[in-house]
Amino acid sequence: MKIHPQIILQNKIPVFAILPYEEYESILEKLEDIADIEIIQASKMDKHERFPLSLIEDIASGKNRIKAYREYRGLSQNALAEKVKISKQYVSQLENEERKGTLTILRKIAKILAVELDDLV
């Protein structure tokens with residue numbers, strides 16, 4: 001595309017460029033494409049895990065976070081309990097919010113579920 005601007009000078013210095021509207025729209029479209037490409041490239045470099053919207057919606061709607069992440073990771077209560085070395089009942093009580101859990105246990109659960117402790121509490 002060849003751009004055909006009209007340059008307006010003030011004291012022999014360019015101060016404005018006037019473009020045909022079609023050329024202006026074409027430039028905006030190309031700038032948006034460049035911005036989209038930069039966003040995609042930045043997200044590829046970001047190594048943080050992305051979670052599906054359904055998981056985030058479950059948590060936002062009040063689903064217990066331990067249960068939501070456990071199910072997302074495909075673990076049963078038994079499997080999580082074995083890995084953390086606690087009883088299945090303990091896991092159930094945490095998920096049903098009948099128990100708060102110690103900081104040590106919550107840290108172990110966070111590590112097993114590969115999330116930050118803040119994601120669970």
Side-chain angles (χ1 to χ4, degrees):
M1 174 181 95
K2 182 137 172 82
I3 298 177
H4 303 92
Q6 175 187 353
I7 306 298
I8 299 177
L9 304 173
Q10 189 173 45
N11 297 325
K12 298 182 181 179
I13 298 171
V15 290
F16 293 102
I18 300 174
L19 299 171
Y21 191 73
E22 285 180 7
E23 290 178 10
Y24 167 75
E25 283 184 323
S26 177
I27 290 170
L28 285 182
E29 190 175 301
K30 285 177 178 38
L31 289 173
E32 288 175 1
D33 290 345
I34 291 169
D36 291 344
I37 290 168
E38 289 172 347
I39 290 169
I40 291 168
Q41 288 173 337
S43 72
K44 285 181 180 178
M45 293 175 63
D46 182 0
K47 300 302 179 196
H48 290 96
E49 181 176 10
R50 303 284 194 274
F51 294 106
L53 180 59
S54 59
L55 172 64
I56 304 307
E57 288 174 337
D58 283 348
I59 291 170
S61 69
K63 186 172 189 174
N64 178 276
R65 291 169 179 238
I66 294 172
K67 182 176 184 175
Y69 285 111
R70 175 183 60 76
E71 290 176 346
Y72 172 70
R73 296 289 186 214
L75 293 173
S76 66
Q77 285 184 340
N78 279 332
L80 179 60
E82 287 176 14
K83 290 176 181 282
V84 180
K85 299 186 180 6
I86 57 177
S87 70
K88 178 192 174 284
Q89 289 76 18
Y90 195 145
V91 173
S92 177
Q93 290 169 340
L94 290 171
E95 290 183 355
N96 290 315
E97 299 177 9
E98 297 166 359
R99 221 173 162 167
K100 293 209 183 230
T102 67
L103 190 55
T104 301
I105 294 299
L106 292 175
R107 280 189 179 134
K108 287 180 182 179
I109 291 172
K111 185 175 181 178
I112 298 299
L113 297 176
V115 297
E116 299 293 324
L117 179 61
D118 289 346
D119 294 328
L120 296 182
V121 294

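What you see is a predicted model; the values in this text were computed from it and never measured. Numbering of residues begins at 1 and proceeds along the displayed sequence.
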Over all atoms of both residues, closest heavy-atom pair of [X] and [Y]:
X: Gly101; Y: Tyr90; value: CA-OH, 3.5 Å
X: Ile7; Y: Ala17; value: CD1-CB, 3.9 Å
X: Leu106; Y: Lys100; value: CD1-O, 3.8 Å
X: Tyr69; Y: Leu120; value: CD1-CD2, 3.9 Å
X: Leu94; Y: Arg99; value: CD2-O, 3.6 Å

Partner of Glu95 under salt bridge (charged side-chain N to carboxylate O under 4.0 Å, His left out), chosen from Lys67, Lys88, Arg70, Arg65: Arg70
Count I, L, V, M, F, W, Y as connected when their side-chain heavy atoms are under 4.5 Å apart, and connections chain through other members. Are Ile39 and Leu31 then in the same cluster? no
Nearest 0.5 Å, please: how far is CD1 in Ile109 from OG1 in Thr104? 11.0 Å
Kindly compute the distance separating CD (Glu71) from OG (Ser76), expressed to the nearest 0.5 Å. 10.5 Å
Side-chain heavy atoms of Val91 within contact of Val84, under 4.5 Å: no
With side chains defined as the heavy atoms from C-beta onward, is the minimum distance between Asn96 and Asn64 less than 4.5 Å? no
How about Tyr21 and Tyr24: are their ring centres within less than 6.0 Å of each other? yes
